[in-house]
Amino acid sequence: MLAKIFNQFNQSAVKLSSNTLILSLRESYIALIPFFIVASVITLLNQWFDIADKGGSHEFLNTFNTLVWALFPLITLLSFSYYLSKNLKLHSIASPVLVIVCFAASTGYIIVNEAGIHIDSKGGVLYSILMPIFCCYILHYFASINALKLVGISTISLFLRKHLNLIFPYLLTSLITLICIPFISDFGNKILAFLMNYHQDASVFDKVSFQMITAHMLWFFGVHGDNTYHILAPAAYTDYQVLEGLSSYNFFSIFVLLGGTGCLWGLIIACYLLKNAEHERSIARISAPLAVFNISEVMIYALPIVFNPYFLIPFLLAPIVNGFIAYQLIDHGLIVLSASENIPWFTPVLLSGWMITHSWTGIALQLVLIALNVAIYYPFVLANQRHNITGKALDMLVKRYSAGHVIEDKAEESFAKSHSEQHIEQYSLKTVTDALNSGALALYYQPKMDPLSQQIVGFEALLRLIKNDGEVMGPWFLATLEQHKLMHVIDSFVIDQLEVDLDNFARQGFHPKISFNISPQNLLADGYKRVVKAFSRFPNQVEVEILESSYIEDFESTIELVKYLNKHNIQCAMDDFGTGYSCLSVLSKLNINTIKLDRSLLPIDGNIKSAVLYQHLAKICDELGFKIVAEGVESKLHEDVVKKAHIQCAQGFLYNKALPYNVAVELLKKQHHK
């Protein structure tokens with residue numbers, strides 16, 4: 001029962017992690033990490049060295065922190081709206097401009113009166129997340145309605161046509177936003193007022209609990225929780241005495257948030273304890289120097305904790321445990337406080353414990369709490385590492401949707417160079433970019449089988465396009481991209497996705513041999529470098545399929561290329577042998593590992609001559625030392641011919657079509673358990 005619940009949780013967690021909205025939030029906050037760190041460090045240095053109070057021209061540093069967090073909603077809005085627009089296939093400049101204008105006009109963040117223009121950070125702090133979602137999704141809906149487009153296929157450029165067609169969607173989105181937001185604001189203010197009135201006579205326990213849970217939940221949903229809480233909550237909820245001589249400021253910064261929001265020293269150490277957790281350890285290594293000064297943004301946004309269901313429970317539980325234990329020990333006199341003044345939030349852990357107690361008891365308490373936090377976080381970090389989408393795999397979820405935009409940008413350059421001569425070709429390319437922008441690239445895996453044992457012996461990675469309605473299509477667009485010299489976009493996706501999937505196969509305990517195709521021109525140019533960089537760490541597990549035509553067009557270069565790839569433990573196969581260029585004399589000069597016999601060589605309707613030819617070709621290739629793969633096995637007749645030719649590897653619809661990664665893994669699991 002528990003296993004079933006956990007599996008369902010894993011499926012829901014992965015689905016949530018791959019949601020366009022969540023991906024966009026992740027990208028936007030990672031993009032803001034330099035801003036968060038620099039702002040914190042400048043404030044920290046000013047407080048350490050009293051730069052502003054020493055006179056000169058640096059008095060503005062006293063208000064730097066206030067200014068930065070006043071601008072924080074606008075900065076967050078800009079970053080989030082940019083990445084959400086990009087991932088929704090909207091223009092990544094036009095859409096954020098619309099969001100900013102609607103935000104400034106309707107939320108109360110910017111106030112215009114007789115005294116001038118002012119900023120009210122309280123008026124915009126929550127809308128930095130809501131406004132991009134509201135505007136971008138409405139704009140995305142209207143932009144998909146053909147009746148609202150001013151220009152169809154014409155001689156004007158793709159870039160100009162795209163922006164002209166935004167006029168009516170832009171107008172409708174603006175009107176709806178400016179009409180609806182004031183009502184949403186009134187509703188939100190009533191809820192906030194109700195919560196504050198409900199807790200008007202709150203006890204210390206209520207105030208601590210409310211601050212702890214609210215601030216951490218805001219962080220989890222992508223909002224800078226501590227600053228947002230202090231902006232929205234009344235002073236009675238942000239500055240109060242927890243115990244005699246212990247302010248809420250000291251209580252949280254010294255005894256609760258050890259390493260930053262979420263008690264991140266416990267999380268960092270838990271990440272270091274994991275084995276084979278490259279992503280988690282890398283983030284922990286980067287975060288550790290900042291956690292010394294209780295700066296937590298890198299861990300929260302890069303691991304990520306934001307919208308990551310695996311971390312919700314420990315992210316809330318760890319500070320609750322710390323707060324409860326520290327409160328009880330201090331209240332019962334087991335920890336005696338010797339200082340009542342506020343100790344700066346950036347004071348390192350252990351040092352702050354000594355400063356507030358002037359004894360080793362404060363340090364011991366912090367160490368015990370960190371150890372408890374490690375124990376709380378570890379099982380959840382382990383589950384996240386085993387099951388969730390992190391690191392390069394998460395980046396690939398974004399990349400699989402971006403090919404259309406990259407190609408569209410390149411198409412605009414092509415249009416500017418040769419408008420009149422390539423009008424028809426541009427129309428063809430427009431069809432391709434529209435298809436890619438309305439779908440997502442994916443890598444599917446067709447099993448390669450041993451015809452005798454019926455066991456899976458490998459896979460071929462095949463590119464697919466998944467439409468919005470879920471229909472899976474083959475890569476019909478490759479010829480057009482090849483014509484426009486844009487295949488490098490697709491090749492880059494295939495290489496990166498295959499690298500991610502090989503890692504995922506390994507995490508499941510499998511190391512299948514996988515072959516894949518890459519554009520011959522790109523492979524002979526610089527593509528082989530990408531291939532080696534990605535796959536040399538999977539020795540003899542990856543096979544590059546090279547078209548027979550590559551040998552005909554540049555025999556010497558192809559021979560050297562194969563040598564180079566073999567040197568780095570990457571094998572090579574000749575794809576589609578027997579499709580027009582075949583010359584038996586070439587076989588004696590090839591240095592490849594595998595020959596793939598094209599499906600056209602298989603007999604039709606029991607043609608005896610075809611069967612004899614197929615068997616003799618297989619025998620020649622075998623005696624020359626090549627491995628052989630039979631392509632296009634679609635019937636029992638084909639399988640009988642392949643068996644008689646003593647071929648030990650075949651693929652085709654008789655066995656299976658190309659499958660998504662998760663289905664391929666399930667097939668391997670079933671085979672393993674037989």
| task | Determine, step by step, whether E471 and I466 satisfy the side chain to side chain contact (heavy atoms under 4.5 Å, CB included) criterion, reporting the C-alpha distance in whole Å, the side-chain angles of both residues, the deciding distance to 0.1 Å, and the verdict. | result | CA-CA 6 Å; E471 181 184 358; I466 304 176; over 6 Å; no
| task | Could you please spell out the steps behind the salt bridge (charged side-chain N to carboxylate O under 4.0 Å, His left out) verdict for R537 and D503? | result | CA-CA 10 Å; R537 63 190 181 94; D503 276 327; 2.7 Å; yes
| task | Take D501 and Q497 through the test side-chain hydrogen bond (donor to acceptor under 3.5 Å, both in side chains) and record every step on the way to the result. | result | CA-CA 6 Å; D501 288 346; Q497 185 64 61; 3.1 Å; yes
| query | Between C136 and V99, does a side chain to side chain contact (heavy atoms under 4.5 Å, CB included) hold up when you go through it step by step? | reply | CA-CA 8 Å; C136 289; V99 174; 4.1 Å; yes
| field | From CA spacing to verdict: side chain to side chain contact (heavy atoms under 4.5 Å, CB included), V633, F653 | value | CA-CA 6 Å; V633 179; F653 291 161; over 6 Å; no
| request: With side chain to side chain contact (heavy atoms under 4.5 Å, CB included) as the test, would you mind laying out the steps for V472 and L465 before giving the verdict? | output: CA-CA 6 Å; V472 180; L465 178 66; over 6 Å; no
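In this view, Q571 and K513 satisfy the side chain to side chain donor-acceptor pair (under 3.5 Å) rule, not counting sequence neighbours. In this view, P539 and N569 satisfy the side chain to side chain contact (heavy atoms under 4.5 Å, CB included) rule, not counting sequence neighbours.
N593 places a side-chain N or O within 3.5 Å of a backbone atom of C572 that can act as its donor or acceptor partner. Looking only at distances, a side-chain donor or acceptor of Y170 sits under 3.5 Å from a matching main-chain atom of A94. Not a single donor-acceptor pair under 3.5 Å links the side chain of S492 to the backbone N or O of V489. Distance alone, capped at 3.5 Å, places no donor-acceptor pair between the R464 side chain and the L441 backbone. For the pair N87 (side chain) and Y83 (backbone), a donor-acceptor distance under 3.5 Å is present. Remark: the backbone N or O of G652 is not paired with any side-chain donor or acceptor of R599 at under 3.5 angstrom. At distances below 3.5 Å, at least one donor-acceptor pair connects side-chain atoms of N165 with backbone N or O atoms of L150. Between the S144 side chain and the Y141 main chain, a donor and an acceptor come within less than 3.5 Å of each other. The main-chain N or O of I93 is found under 3.5 Å from a side-chain atom of H91 such that the two form a donor-acceptor pair. Side-chain N or O atoms of T594 include none that pairs as donor or acceptor with a backbone N or O of A573 at under 3.5 Å.
Under a cut-off of 6.0 angstrom, the local environment of CZ in F510 is crowded, with over 12 non-hydrogen atoms contributed by other residues, nucleotides or ligands. Other residues, nucleotides and ligands contribute only 12 or fewer heavy atoms inside 6.0 Å of the CD1 atom of I604. Within 6.0 Å of the CD1 atom in I313, the count of heavy atoms belonging to other residues, nucleotides or ligands does not exceed 12. Other residues, nucleotides and ligands contribute only 12 or fewer heavy atoms inside 6.0 Å of the CD atom of Q648.
Shown here for V494 and N517, the closest heavy-atom pair between the two residues is CG1-O, 4.3 Å. Residues H511 and A506 share a closest heavy-atom pair of CE1-CB, 3.7 Å. Listed here is the closest heavy atom pair of L498 and F516: CD2-CD2, 3.6 Å. Closest approach of F477 and G474 over heavy atoms only: CE2-O, 4.5 Å. When all heavy atoms of L274 and Q385 are compared, the pair lying nearest together is CD1-CB, 3.9 Å. For the pair I495 and F535, the tightest heavy-atom approach, listed with the atom from each and the gap, is O-CZ, 3.6 Å.
Between R530 and D496, at least one side-chain N (NZ, or NE/NH1/NH2) sits under 4.0 Å from a carboxylate O, which counts as a salt bridge. A salt bridge links K596 and E631; the closest N-O separation between the charged side-chain nitrogens and carboxylate oxygens is under 4.0 Å.
Side-chain contact between S519 and H488: absent, with no pair of heavy atoms (C-beta onward) separated by less than 4.5 Å. Within the 4.5 Å cutoff, no side-chain heavy atoms of C135 are placed close to those of S81. Under the 4.5 Å side-chain criterion, counting only non-hydrogen atoms from C-beta, E543 is not in contact with I514. Residues K657 and Y444 are not in side-chain contact: their nearest non-hydrogen atoms beyond the backbone lie 4.5 Å or more apart. Taking 4.5 Å as the limit, every side-chain heavy atom of I300 sits out of range of all side-chain heavy atoms of F220. P447 has its side chain within reach of F459: a pair of non-hydrogen atoms, C-beta onward, lies under 4.5 Å apart. Contact of the Y137 side chain with the L88 side chain is registered, since non-hydrogen atoms from C-beta on lie closer than 4.5 Å. You'll find the side chain of L502 stays beyond 4.5 Å of the side chain of E499, heavy atoms only.
In this structure, OH on Y310 lies 11.5 Å from CZ on F380, to the nearest 0.5 angstrom. Atoms CG and CG, from L597 and L602 in turn, are 8.0 Å apart once rounded to the nearest 0.5 Å. To the nearest 0.5 angstrom, T173 atom OG1 is 11.5 Å from H140 atom NE2. Atom CG of L90 sits about 7.5 Å away from atom CG of L84, to the nearest 0.5 Å. Atoms OG and CD1, from S28 and I75 in turn, are 12.5 Å apart once rounded to the nearest 0.5 Å. Here the CD atom belonging to E634 is positioned 11.0 Å from the CD atom belonging to Q651, to the nearest 0.5 angstrom.
Side chains of Q454 and D450: a donor-acceptor N/O pair is absent below 3.5 angstrom, by distance only. A donor-acceptor contact closer than 3.5 angstrom is absent between the side chains of S95 and K86.
Among E460, Q446, K448, the single residue meeting the side chain to side chain donor-acceptor pair (under 3.5 Å) criterion with S515 is K448.
Here Y528 and Y564 bring their ring centres to under 6.0 angstrom of each other. A distance below 6.0 Å separates the ring centres of Y661 and F505.
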